[in-house]
Amino acid sequence: MSAEIRDVPPPGPLADVWASFTENKGAVAGLVVIVAIALVAILADVLAPHSPIEQYRDALLVPPVWAGGSWSHPLGTDDIGRDILSRLIHGARLSMIIGSIVVTLSLVAGTVLGLAAAFFKGVTDIAIMRLMDIMLALPSLLLAIVIVAILGPGLFNAMIAVSIVTLPHFTRLARASAMSELTREYVASSRLAGAGSLRLMFMTVLPNCLAPLIVQATLGFSNAILDAAALGFLGLGAQPPTPEWGTMLAGSLQFIQRAWWVVSFPGFAILVTVLAFNLMGDGLRDALDPKLKR
Amino acid sequence: MTAVMEARGLARHYELRGGVFRKGLTIKAVDGVSFSLNAGTTLAIVGESGCGKSTLGRVLALLEDATSGELLIDGRPTEGEKSAKDPALRRSVQMVFQNPYGSLNPRQTVGRILEEPLAINTDLPASARVDAARAMLAKVGLRPDHYGRYPHMFSGGQRQRIAIARALMLNPRIVIADEPVSALDVSIQGQILNLLMDLQDELKLAYLFVSHDLGVVHHIADEVMVMYLGRPVERGATEDVFERPLHPYTQALLASRPRVEVGSKAPRPLLTGELPSPLNPPPGCAFHRRCPYAQPYCAEVRPEPRQVLGRPVACHYAEEIAAHQA
């Protein structure tokens, strides 16, 4: 019997990353939760039993169904009779949007700034990095509050503020990995091929710096949700009646003794989402970094 | 035959900025290099680590500006990195790097790596670029279906073939090879050297071959330039230099070659001491502290290259050494 040798296509880099990612149980759990939250966010209009802002005046502060409430409001209602489950479901949509927009803004801006600092060195580098150092020297929430105070409160301005606050992390990371890649010979050979600065930055070097940036982006997602919730809690982010988790927390603080469900569920939603993103980010870091591979 | 590349007094100096307590320094990594290289021939640059041969390679590949001196490519004067933007010059000179594990972008397929020079420098349509890349793969001894693979799927020798293929994509007249085989196994070295020599015959390439391996140099080079501490000390046809080295450093370098000769116990004038720091080069002849023939005069006046037996040698006593040898 002759052995048949077939030309098996080698596994692509994505399949490789996926294989080491799935070895990490926590990371997969995080991914499942994130996909679930994303689905809930997309299907919010279908899934939510009530409108998130409709007030049921005959059902104020109704407890959840297992604590004596009714099935019409499974997680109870808040002080003005809005259905908490519906508000949480619509809040998921908001949190996902906040996370995506904040991470996209700061990832793009941070990467461009970091690459520029690494490429042009000298004055450009010093100007960009000292500015980032100054931003890092201020407590992030305080800086965000200052920016919102300048721009005016509101969800969109809060997102801009959080993007600016998380910018230095992306900039530093992009600069550090770009600088180590720039010394490699493939950059010199790309230059020999006649590549200009822009091509070198975005086509040659950037793809090799992506791994740490992707990890930071996932972790930044949870930071963004947390910071936006904190701004909402302080009354500087989403304004009532927008069903944003942080804003929901803030509006119901006074009932923490009388009606625990009003405070607990938004807090729990934030906790689960942030935890899921952190777990997935850690798993991604292990999967993308060849040095941590077994 | 006209020279495709000509260097006249080429130098590359690095400035070290001084701190509060020390003066700024100038490192003369390359100084006073002159040569001319004809189409279809190979000039080898040899010397021990740190003698500036790789820096010279980068200057010649237009990756770095020369501090002074002239570099003519195809008879056209160049201005370092500025000229690198000139597509005609960029196409004339290409380079193969030492380490095939670092010189290929790990995130690009072989096809994209090979097509990049064409995409930047020519207006060939995409399909023509693909054909050119596949043809080049075949030419360097790889299969055209390696086109879509990533560099990490290849062995060191195959990667070096890819690096050579990329260097040839633009049909250069000059290829600068910076120790192209020293990172490879000995068995693979021979294959790559033969490939380089075949390609030279076929494409009339001029090679500037940077190496510290004298066996390889003897095999491949038509002309040899020996460098010491950034300066050329002797240049001549390979056979002449290997048969009758005139500079004491060349003699020591050749004597340090491992040789298998039964019963031969020729005295070896082995070198003592280390390569002096280029930060603080010795006065006079840079080699005088290690030279067996050194005279007090050597420590005072730096010898300039002059014609001895028809080739430039930078030694005050080259004639005496030549006479002593004969």
Side-chain angles (χ1 to χ4, degrees), chain A residues 5-20 111 115 119-123 125-126 174 177-214 287-291 293, chain B residues 54 57-58 60-64 81 83-109 112-122 143 145-146 148-154 159 162-164 166-167 169-170 172 175-176 178 183:
Chain A
I5 298 171
R6 275 182 306 150
D7 209 10
V8 182
L14 275 178
D16 195 35
V17 167
W18 176 247
S20 30
T111 308
L115 285 179
F119 261 80
F120 300 118
K121 304 191 181 81
V123 184
D125 185 22
I126 291 170
S177 32
M179 281 175 80
S180 71
E181 291 300 324
L182 273 177
T183 61
R184 305 274 303 273
E185 275 180 344
Y186 70 83
V187 180
S189 43
S190 216
R191 202 172 282 166
L192 266 176
S197 289
L198 281 179
R199 192 185 177 91
L200 278 180
M201 276 165 82
F202 294 106
M203 308 274 282
T204 311
V205 172
L206 182 58
N208 287 289
C209 304
L210 273 185
L213 287 172
I214 291 173
L288 287 174
D289 188 348
K291 273 176 254 146
K293 268 191 199 149
Chain B
S54 287
R58 291 176 64 86
L60 296 178
L62 305 173
L63 282 175
E64 288 191 35
E81 288 184 66
S83 305
K85 302 262 191 304
D86 181 338
L89 284 171
R90 182 72 290 162
R91 287 163 111 171
S92 307
V93 189
Q94 284 293 314
M95 188 163 177
V96 176
F97 291 91
Q98 174 176 10
N99 179 3
Y101 292 90
S103 65
L104 303 176
N105 191 336
R107 303 267 166 190
Q108 289 183 348
T109 61
R112 274 194 67 195
I113 290 173
L114 294 184
E115 283 171 29
E116 189 177 33
L118 294 180
I120 296 171
N121 292 291
T122 66
R143 295 205 309 272
D145 61 304
H146 286 147
R149 301 205 180 165
Y150 285 89
H152 71 263
M153 301 170 185
F154 294 93
R159 284 172 182 233
I162 296 168
I164 292 169
R166 171 181 52 197
M169 284 307 284
L170 288 174
V175 172
I176 292 159
D178 186 358

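Lettering follows sequence order; numbering is per chain, from 1.
- In this structure, Glu181(A) CD and Arg107(B) CZ are separated by 8.5 Å, a value rounded to the nearest 0.5 Å.
- Contact of Asn105(B) with chain A is made through backbone and side chain together, with heavy-atom distances under 4.5 Å.
- In this structure the side chain of Leu192(A) reaches within 4.5 angstrom of the side chain of Arg90(B), judged on heavy atoms.
- Atom CZ of Arg191(A) sits about 7.5 Å away from atom CZ of Arg58(B), to the nearest 0.5 Å.
- For Arg166(B), the part lying near chain A is the side chain, with the backbone staying farther off; criterion is any non-hydrogen pair under 4.5 Å.
- When heavy atoms are compared at a cutoff of 4.5 Å, Ile120(B) approaches chain A solely by way of its side chain, counted from C-beta outward.
- A donor-acceptor pair is defined here as one N or O able to donate and one able to accept, closer than 3.5 Å; no such pair exists between the side chain of Arg184(A) and the backbone of Ser103(B).
- Between Ala193(A) and Asn121(B), the shortest heavy-atom distance links the atoms O-ND2, 2.7 Å.
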**OP:** Could you walk me through whether Glu116(B) and Thr204(A) pass the side chain to side chain contact (heavy atoms under 4.5 Å, CB included) test, one step at a time?
**Re:** CA-CA 10 Å; Glu116(B) 189 177 33; Thr204(A) 311; 4.0 Å; yes

